J.: 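This structure is in structure tokens; I'll ask about it shortly.
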Amino acid sequence: LIPNPSFENTNTSGGPVSWNKGGYGTNTRIFSYPVVGNNSAKAGKVSISNYSNGDAKWYFNDVSVKSGQKYQFSDYYLSDVPSIIDVRYKMTDGTYKYIDIAFLNTSSTYQKATTQITIPPNVISLTIFHLIKTNGSLTVDNFSLNEITSTTTPPSLTNMVSNGDFETVNTNGLPLEWNKGGFGTN
């Protein structure tokens, strides 16, 4: 659903088509484009210095979504500081709702971040911020936002852990398919 998801198309002012620079607070934000991407020539980078508060991020233009529908989001990132993925929902009354959906560690090589979201009621569109909130830098590339349907492969995620919720009890009183473990002097 995301236009220009890999930052490859440049607009007449030299920035990536359908992308915006964002941030707030007391900090110095530097946006760099283009930078070397994940197996591509272009990506977006943001750096923060003199941080007191706020954040900085590249974000795509809002895309229409359906309330109640599940979507899978992913991107590739490099970061020398922890980063956050935050969804900004535009509500039917014109207001916005912000929800953090992933907290990511630093990575000196491109890593894929993937998460799923279910759209709440009264949402008409969204954008997703992959942001930093401290001195450091974050490079992002290859964004994806896809509706999950019954024909999506795989149609759903299957929990491969038997009795993952500990609800089934064995005859010995322990959770079925689980073992106790440990080692050391304790």
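Quantities reported herein were computed from a predicted structural model and do not represent experimental measurements.
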J.: Going by ring-ring contact (aromatic ring centres under 6.0 Å, His included), W19 matches just one of W58, F129, F60. Which one?
T.: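 Going through W58, F129, F60 one by one, the ring-ring contact (aromatic ring centres under 6.0 Å, His included) with W19 is satisfied by F60 alone.
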
J.: Could you list all the side chain to side chain donor-acceptor pair (under 3.5 Å) pairs where at least one residue sits in residues 27-39, not counting sequence neighbours?
T.: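 Passing the test, one end in residues 27-39: T10-Y33, N27-R29, T28-N50.
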
J.: Less than 4.5 Å apart, side chain to side chain, heavy atoms only: is that true for N122 and S67?
T.: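 Heavy-atom side-chain distance check fails, nothing below 4.5 Å.
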
J.: Cluster question for you: counting only ILVMFWY and a side-chain heavy-atom cut-off of under 4.5 Å, with indirect links fine, are I132 and I101 together?
T.: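 Cluster IDs for I132 and I101 match.
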
J.: For G37 and D141, work out which heavy atoms get closest and say how close.
T.: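 Smallest heavy-atom distance, with atoms named: CA-OD2, 3.3 Å.
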
J.: Which distance, rounded to the nearest 0.5 Å, do you find between the CD1 of I48 and the CG of D55?
T.: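 Those atoms lie 6.5 Å apart.
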
J.: For the residue pair A43 and T139, what are the closest heavy atoms and their distance?
T.: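 Taking A43 first and T139 second, the nearest heavy atoms are CB-CG2, 3.9 Å.
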
J.: Count the heavy atoms of every other residue, nucleotide or ligand shown that sit under 6.0 Å from NZ of K70, and state whether that count exceeds 12.
T.: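 No, NZ of K70 has 12 or fewer neighbouring heavy atoms, counting only those of other groups under 6.0 Å.
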
J.: Would you confirm whether Y51, through its side chain, and T26, through its main-chain N or O, come within 3.5 Å as a donor-acceptor pair?
T.: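 A pair under 3.5 Å: no.
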
J.: Look up atom OG in S52 and atom CG in N135, then write down how far apart they are to the nearest 0.5 Å.
T.: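 Nearest 0.5 Å value for the OG-CG distance: 9.0 Å.
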
J.: When rounded to the nearest 0.5 angstrom, what distance separates CG in D75 from NZ in K112?
T.: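 So the gap between those two atoms works out to 10.0 Å.
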
J.: Tell me the closest heavy-atom pair linking P82 and T106, and the distance in Å.
T.: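 Taking P82 first and T106 second, the nearest heavy atoms are N-CG2, 3.6 Å.
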
J.: Whether the side chain of Q69 engages the backbone of I148 through a donor-acceptor N/O pair (distance < 3.5 Å, no angle test) should be reported.
T.: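 Checked: pair present.
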
J.: Using modelled atom types only, decide if a donor and an acceptor are shared between the side chain of N53 and the backbone of G25 within a distance under 3.5 Å.
T.: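 Checking the backbone N and O of G25 against the side chain of N53, no donor-acceptor pair under 3.5 Å is found.
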
J.: Going through the checks in order, is the side chain to side chain contact (heavy atoms under 4.5 Å, CB included) test met by L131 and I85?
T.: CA-CA 6 Å; L131 59 90; I85 297 177; over 6 Å; no

J.: For the pair K57 and D86, find out whether any cationic side-chain nitrogen is under 4.0 Å from an anionic carboxylate oxygen.
T.: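 So K57 does not pair with D86 through a salt bridge.
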
J.: Is it true that N146 and S144 share a donor-acceptor pair across their side chains at a distance under 3.5 Å?
T.: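 Judged by distance alone, the side chains do pair up.
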
J.: If every non-hydrogen atom of A56 is compared with every non-hydrogen atom of V46, which pair is closest and at what distance?
T.: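 Nearest pair, atom of A56 first, then V46: CB-CG2, 3.4 Å.
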
J.: Side-chain heavy atoms under 4.5 angstrom apart, residues restricted to Ile, Leu, Val, Met, Phe, Trp, Tyr: same cluster for Y89 and F143?
T.: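 Same hydrophobic cluster.
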
J.: So, taking the atom named OG in S49 and the one named CD1 in I30, what distance separates them when rounded to the nearest 0.5 Å?
T.: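 Separation between the atoms: 5.5 Å.
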
J.: Will you find, in the side chains of N20 and N61, an N or O donor that is under 3.5 Å from an N or O acceptor?
T.: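 Yes, a side-chain donor-acceptor pair sits under 3.5 Å.
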
J.: Kindly work out whether a path of hydrophobic side-chain contacts (I/L/V/M/F/W/Y, heavy atoms less than 4.5 Å apart) joins Y96 to V123.
T.: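 Different clusters: Y96 never reaches V123 through Ile, Leu, Val, Met, Phe, Trp or Tyr contacts under 4.5 Å.
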
J.: Roughly how far apart are I128 CD1 and D62 CG, rounded to 0.5 Å?
T.: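 Result: 10.5 Å between the selected atoms.
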
J.: Among side-chain atoms of Q111 and T109, is any donor-acceptor pair under 3.5 angstrom?
T.: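 Checked: Q111/T109 side chains pair up, N/O donor to acceptor below 3.5 Å.
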
J.: Honestly curious: do L78 and F103 fall in one hydrophobic cluster under the side-chain, below-4.5 Å linking rule?
T.: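 Not linked; separate clusters.
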
J.: For the hydrophobic clusters of this structure (ILVMFWY residues joined by side-chain heavy atoms under 4.5 Å, transitively), does one cluster hold both I119 and V63?
T.: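 Both belong to a single hydrophobic cluster.
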
J.: One pair to check against side chain to side chain contact (heavy atoms under 4.5 Å, CB included): K45 and L138. What are the steps and the verdict?
T.: CA-CA 6 Å; K45 180 178 181 179; L138 168 68; over 6 Å; no

J.: Would you say the side-chain atoms of S40 and E8 include a donor-acceptor pair closer than 3.5 Å?
T.: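 Checked: S40/E8 side chains pair up, N/O donor to acceptor below 3.5 Å.
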
J.: Counting C-beta onward and ignoring hydrogens, is there a side-chain heavy-atom pair between V35 and K42 closer than 4.5 Å?
T.: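 V35 vs K42: side chains apart.
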
J.: From D93 CG over to I124 CD1, what is the distance, rounded to the nearest 0.5 angstrom?
T.: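 The CD1 atom of I124 is 9.0 Å from CG of D93, to the nearest 0.5 Å.
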
J.: I'd like to check the ring-ring contact (aromatic ring centres under 6.0 Å, His included) partners of Y71; sequence neighbours left out, ordered by chain and number.
T.: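 Counting only residues at least two positions away or on another chain, Y71 forms no ring-ring contact (aromatic ring centres under 6.0 Å, His included).
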
J.: Does the side chain to side chain contact (heavy atoms under 4.5 Å, CB included) test come out yes or no for R88 and K97, once each step is laid out?
T.: CA-CA 6 Å; R88 183 188 75 185; K97 182 185 279 189; over 6 Å; no

J.: Looking only at non-hydrogen atoms, find the nearest pair between G136 and V81 and report the distance.
T.: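 Heavy atoms of G136 and V81 come nearest at CA-CG1, 3.8 Å.
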
J.: For a ring-ring contact (aromatic ring centres under 6.0 Å, His included) with H130, tell me which candidate from F73, Y59, Y77 qualifies.
T.: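 So the option named by the test is Y77.
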
J.: Could you report the tightest heavy-atom contact between S47 and S137, atom names first, then the distance?
T.: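 Smallest interatomic distance, heavy atoms only, reads OG-CB, 3.4 Å.
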
